[in-house]
There are 2 protein chains.
Amino acid sequence: MSGVRAQQKQKTRQALIVAAFNQLSAEHSFSNLSLREVAREAGIAPTSFYRHFKDMNELGLTMVDEAGLTLRQLMRQARRRIASGGSVINTSVLTFMEFIDTSSNQFRLLLRERSGTSKAFRAAVAREIQHFILELAHYLEAETPCDANHAYMQAEAMVTLVFNAGADALDQDTQQREELTERLIWQLRYIAKGANHYGTHQVNSKPS
Amino acid sequence: MSGVRAQQKQKTRQALIVAAFNQLSAEHSFSNLSLREVAREAGIAPTSFYRHFKDMNELGLTMVDEAGLTLRQLMRQARRRIASGGSVINTSVLTFMEFIDTSSNQFRLLLRERSGTSKAFRAAVAREIQHFILELAHYLEAETPCDANHAYMQAEAMVTLVFNAGADALDQDTQQREELTERLIWQLRYIAKGANHYGTHQVNSKPS
DNA sequence: TATTTTAGCGTACAAGTGTACGCTGAGATT
DNA sequence: AATCTCAGCGTACACTTGTACGCTAAAATA
């Protein structure tokens with residue numbers, strides 16, 4: 001009942017996940033991965049793969065979950081930094097860029113499968129992103145003069161811009177990333193400004 | 001010298017391109033295409049493929065060009081509609097959504113290869129997008145009270161949002177698309193408002 | 001201790017891939 | 001009319017892929 005058996009199983013299962021993430025890169029996407037190669041890197045026979053996942057798809061969805069998890073953990077850390085006096089926009093952007101940098105393969109997975117060929121994948125990634133939008137919307141509604149609807153649209157726009165900037169950052173060097181980040185911050189300010197303009201008072205009917 | 005020969009060659013070349021586009025779908029991306037299948041659909045032997053393209057990569061880059069071309073043509077048409085009295089934001093968004101709808105496979109190609117596994121592809125798509133950003137920036141600088149720098153950032157943000165909304169629209173029904181479009185239009189207004197606020201006068205140093 | 005469960009292995013196979021090579025016949029060129 | 005060019009074909013080959021099947025040994029259970 002010590003669970004030596006189950007413990008070892010979890011270990012190789014994790015080895016498969018790690019192997020799969022390791023094989024992702026700028027020029028290798030998840031759909032390029034082969035069951036055999038992943039199994040090889042994990043140190044097991046190809047057929048043993050099936051003891052852990054029904055197929056590559058199931059592995060992939062697990063990976064999306066894992067990527068979403070680390071992202072969420074990172075953003076929780078960001079919230080802590082903000083609570084102790086950091087600027088919201090700056091801290092959030094910085095934290096996200098950190099994610100791109102230290103977990104680029106996890107980000108790549110989310111980025112690519114967001115528009116990939118499996119509806120289940122797209123939905124899974126969309127759910128992860130939606131998570132952020134809602135959280136940010138909630139924050140904006142509480143902390144800024146903005147009704148719920150505009151808070152949501154504002155959050156959606158912001159998350160979209162941040163996510164896309166992350167994608168661009170993947171191909172860039174430090175210098176370019178700094179410029180990109182600076183532009184991004186300005187763009188987020190635009191949105192905040194605009195949303196607060198339209199989202200406050202009774203300006204809601206038509207724009208000027 | 002009549003060119004019967006060259007003419008026929010162009011014809012099968014185009015058949016290959018069309019065949020490749022036809023095989024794209026929600027669940028089939030370019031990297032999933034096989035040379036043999038494309039050749040089969042185009043009605044030629046696999047080995048004849050090489051008479052037209054060095055490899056699938058070269059086909060793909062040609063397809064990106066073609067997709068960019070149709071997009072540019074559509075947007076030129078949008079400019080005409082605007083010139084004859086349409087709202088800029090509404091007309092542009094509507095035209096873009098039309099592109100998603102009538103040329104979804106061309107859009108899918110741009111969308112996916114933007115974050116694909118080939119640097120050349122990513123660069124090619126980025127160039128197409130950059131084209132729009134610059135054009136829009138130029139327009140904004142001329143028509144709104146916005147300095148060049150802010151006009152660029154504003155255009156970049158807008159194009160990003162529109163492009164991403166297009167991606168989301170691919171998976172949605174008419175009802176959802178309408179809501180999405182409406183949200184998008186609000187978000188573009190935010191950006192316009194914010195950019196005009198920061199980009200006018202001498203507010204440029206620090207945000208409030 | 002005897003029995004059952006199961007993670008992992010090796011073999012085997014059918015299917016699909018890219019592409020090298022040499023041929024053919026119809027246009028183009030001289 | 002004689003020659004050249006070259007788009008398209010068929011054959012062939014070496015690989016890689018997913019996965020079905022049955023075995024083994026070690027852990028779990030009874």
Side-chain angles (χ1 to χ4, degrees), chain A residues 1-25 27-63 109 112-113 116-118 120-121, chain B residues 1-25 27-63 112-113 116-121:
Chain A
M1 217 241 226
S2 70
V4 168
R5 193 67 171 263
Q7 201 174 319
Q8 174 58 24
K9 181 167 185 181
Q10 276 305 101
K11 207 170 156 186
T12 49
R13 184 191 150 98
Q14 198 57 31
L16 282 168
I17 295 173
V18 169
F21 269 121
N22 281 342
Q23 293 189 2
L24 295 183
S25 70
E27 40 279 314
H28 229 86
S29 80
F30 178 78
S31 60
N32 297 142
L33 298 188
S34 92
L35 184 154
R36 289 176 101 105
E37 276 189 10
V38 171
R40 194 176 309 140
E41 174 150 343
I44 64 171
T47 50
S48 299
F49 179 94
Y50 298 105
R51 302 291 182 195
H52 304 274
F53 301 99
K54 191 175 128 280
D55 52 22
M56 283 295 284
N57 247 354
E58 200 174 292
L59 206 210
L61 289 173
T62 307
M63 290 167 75
L109 184 74
R112 288 178 175 146
E113 299 312 320
T117 55
S118 153
F121 272 62
Chain B
M1 214 236 229
S2 70
V4 167
R5 193 69 171 265
Q7 202 174 320
Q8 175 58 27
K9 182 167 185 182
Q10 276 306 101
K11 207 170 155 188
T12 48
R13 183 190 151 100
Q14 198 57 31
L16 282 168
I17 295 174
V18 169
F21 269 121
N22 280 343
Q23 295 190 1
L24 294 183
S25 70
E27 40 279 314
H28 228 81
S29 80
F30 178 79
S31 61
N32 297 142
L33 298 189
S34 94
L35 185 152
R36 289 176 101 106
E37 274 190 11
V38 171
R40 193 177 308 140
E41 173 149 347
I44 63 172
T47 49
S48 299
F49 178 94
Y50 298 104
R51 302 291 183 197
H52 303 275
F53 301 99
K54 192 175 129 280
D55 51 22
M56 284 295 284
N57 247 352
E58 201 174 292
L59 204 211
L61 289 174
T62 307
M63 291 168 75
R112 288 179 175 146
E113 298 313 319
T117 56
S118 151
K119 193 153 192 167
F121 272 62

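All chains are named by letter (A, B, ...) in the order of the sequence lines, taking the proteins before the strands, and each is independently numbered beginning at 1.
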Quickly work out the [X] [atom1] to [N] [atom2] distance and round it to whole Å.
X     : N      : atom1 : atom2 : value
B:D55 : C:dA20 : CG    : P     : 11 Å
B:Q14 : D:dA7  : CD    : P     : 17 Å
A:L33 : D:dT17 : CG    : P     : 11 Å
A:Y50 : D:dC21 : OH    : C1'   : 13 Å
A:N32 : D:dT17 : CG    : P     : 11 Å
A:K9  : D:dA26 : NZ    : P     : 19 Å
B:R13 : D:dG8  : CZ    : C1'   : 17 Å
B:F53 : C:dG18 : CZ    : P     : 15 Å

[X] vs [Y] side-chain heavy atoms within contact, under 4.5 Å:
X      : Y     : result
B:R51  : B:I44 : no
A:L61  : A:F53 : no
B:K119 : A:E27 : no

**Q.** Whether A:R112 side chain and B:G116 backbone form a donor-acceptor pair below 3.5 Å
**A.**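 At least one qualifying donor-acceptor pair exists.
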Whether the side chain of [X] and the base of [N] hold a donor-acceptor pair under 3.5 Å is what I'd like checked.
X     : N      : value
B:R5  : C:dT29 : no
B:R36 : C:dG18 : yes
A:R51 : C:dT6  : no

Under 4.0 angstrom between [X] side-chain N/O and [N] OP1 or OP2:
X     : N      : value
A:S48 : C:dA7  : no
A:S34 : D:dT16 : no
B:T47 : C:dT19 : no

If you only use heavy atoms from C-beta on, which nucleotide in [options] is closest to the side chain of [X]?
X     : options               : value
A:R40 : D:dT17, C:dG8, D:dG18 : D:dT17
B:V4  : D:dG8, C:dA7, C:dA28  : C:dA28
B:I44 : C:dC9, C:dA7, D:dC9   : D:dC9
B:L35 : C:dG8, C:dG18, C:dC9  : C:dG18

Q) NA contact type, A:E37, heavy-atom cut-off 4.0 Å: base, sugar-phosphate, or nothing? A)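 Counting heavy atoms under 4.0 Å across all strands, the contact made by A:E37 is with sugar-phosphate only.
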Q) How many angstroms lie between atom CZ of A:F49 and atom CE of A:M56, to the nearest 0.5 angstrom? A)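 It is 5.5 Å, given to the nearest 0.5 Å.
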Q) Closer to the 5' end of DNA chain C via nearest nucleotide, is it B:A6 or B:K54? A)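 The 5'-side residue here is B:K54.
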